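It should be emphasised that the depicted structure is a prediction, and the values quoted were computed from it without experimental measurement. The first residue in the sequence is number 1, and the count goes up from there.
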Amino acid sequence: GESDEATVIKAVKGMGETSVSVLLWPNPNKGQFSIRMDGTTGTRDAFITDVSGKIVRSLRLGNNEQVNITGLSAGTYILNIQHAFGIGEHFIEKIMVIR
């Protein structure tokens with residue numbers, strides 16, 4: 001099934017007494033993936049760019065989101081969650097879209 005190709009990307013950063021973790025799976029994906037942010041409240045602006053830096057999707061992410069990017073062609077993209085770990089501390093990760 002598709003679960004065997006799922007890679008969970010996890011970033012953890014400590015901020016004082018709390019730590020924020022971001023999970024993204026599956027990756028590579030076929031245009032749909034999930035993002036979970038723990039240790040943070042509220043929502044964050046995020047965007048997906050192609051490798052040239054052009055924004056192809058703008059998102060508003062809460063703590064647990066299904067993100068659907070099925071309109072994108074296969075290739076490598078970069079997800080950037082603004083201030084995910086605090087002011088000026090962004091979560092940046094490559095996303096592979098496969099067909």
Side-chain angles (χ1 to χ4, degrees):
E2 292 189 10
S3 59
D4 49 44
E5 64 188 49
T7 305
V8 172
I9 293 169
K10 182 168 185 178
V12 178
K13 182 135 188 175
M15 292 190 305
E17 301 190 353
T18 64
S19 69
V20 175
S21 66
V22 178
L23 281 76
L24 188 159
W25 76 95
N27 193 34
N29 61 73
K30 294 187 168 68
Q32 185 158 352
F33 60 92
S34 297
I35 297 177
R36 186 169 143 208
M37 287 194 288
D38 287 325
T40 180
T41 55
T43 56
R44 298 285 185 276
D45 286 312
F47 48 87
I48 297 171
T49 65
D50 61 19
V51 283
S52 73
K54 176 171 168 269
I55 296 180
V56 294
R57 287 284 190 283
S58 291
L59 312 164
R60 189 92 175 132
L61 297 178
N63 284 29
N64 209 328
E65 299 283 337
Q66 285 269 97
V67 178
N68 196 316
I69 52 171
T70 43
L72 298 183
S73 0
T76 301
Y77 297 88
I78 290 126
L79 169 71
N80 187 317
I81 304 176
Q82 294 292 287
H83 314 298
F85 303 116
I87 300 302
E89 303 270 348
H90 311 310
F91 172 82
I92 297 170
E93 190 59 64
K94 277 186 183 169
I95 299 170
M96 298 284 301
V97 174
I98 53 179
R99 289 286 173 257

Check: CD1 of Ile98 to CG of Asn27: how many Å apart, nearest 0.5 Å?
Finding: 9.0 Å
Next item on the list: Heavy atoms only: give me the nearest Met96-Thr76 pair and the separation to one decimal.
Entry: SD-OG1, 3.2 Å
Next item on the list: Kindly compute the distance separating OG (Ser34) from CG (Asn64), expressed to the nearest 0.5 Å.
Entry: 7.0 Å
Note to self: Can you tell me how far apart CD1 (Ile55) and CG (Asp50) are? Round to the nearest 0.5 Å.
What the structure shows: 10.0 Å
Margin query: Working to the nearest 0.5 angstrom, can you tell me the gap between Arg57 CZ and Leu72 CG?
Written below: 4.5 Å
Notebook entry, point to check: Under a 4.5 Å side-chain heavy-atom rule over Ile, Leu, Val, Met, Phe, Trp and Tyr, are Ile78 and Leu59 clustered together?
Noted result: no
Checklist line | Minimum heavy-atom distance Arg99-Ala74, with the two atoms named | finding: CG-CB, 3.8 Å
Margin query: Under a 3.5 Å threshold, yes or no: a donor from one side chain and an acceptor from the other, between Asn80 and Gln82?
Written below: yes
Note to self: Applying side-chain contact (heavy atoms from CB on, under 4.5 Å) to Thr49 and Lys54, what does each step give before you reach the verdict?
What the structure shows: CA-CA 5 Å; Thr49 65; Lys54 176 171 168 269; 5.9 Å; no
Item checked: Value rounded to 0.5 Å, distance of CZ in Phe47 from CG in Leu79 -> 9.0 Å
Result block: side-chain N/O donor-acceptor pairs under 3.5 angstrom for residues 84-95, not counting sequence neighbours:
unit_1: Glu89; atom_1: OE1; unit_2: Lys13; atom_2: NZ; d: 2.6
unit_1: His90; atom_1: ND1; unit_2: His83; atom_2: N; d: 2.9

Notebook entry, point to check: Taking all atoms of both residues into account, what is the closest heavy-atom pair of Gly42 and Asn63, and its distance?
Noted result: O-OD1, 3.6 Å
Item checked: Reported CE-to-CD distance for the pair Met37 and Glu65, which is rounded to 0.5 angstrom -> 7.5 Å
Next item on the list: Using the rule that two of Ile, Leu, Val, Met, Phe, Trp, Tyr join whenever any of their side-chain heavy atoms come within less than 4.5 Å, decide whether Ile81 and Val67 are in one cluster.
Entry: yes
Checklist line | Heavy-atom closest pair, residues Ile35 and Leu24 | finding: CG1-CG, 4.4 Å
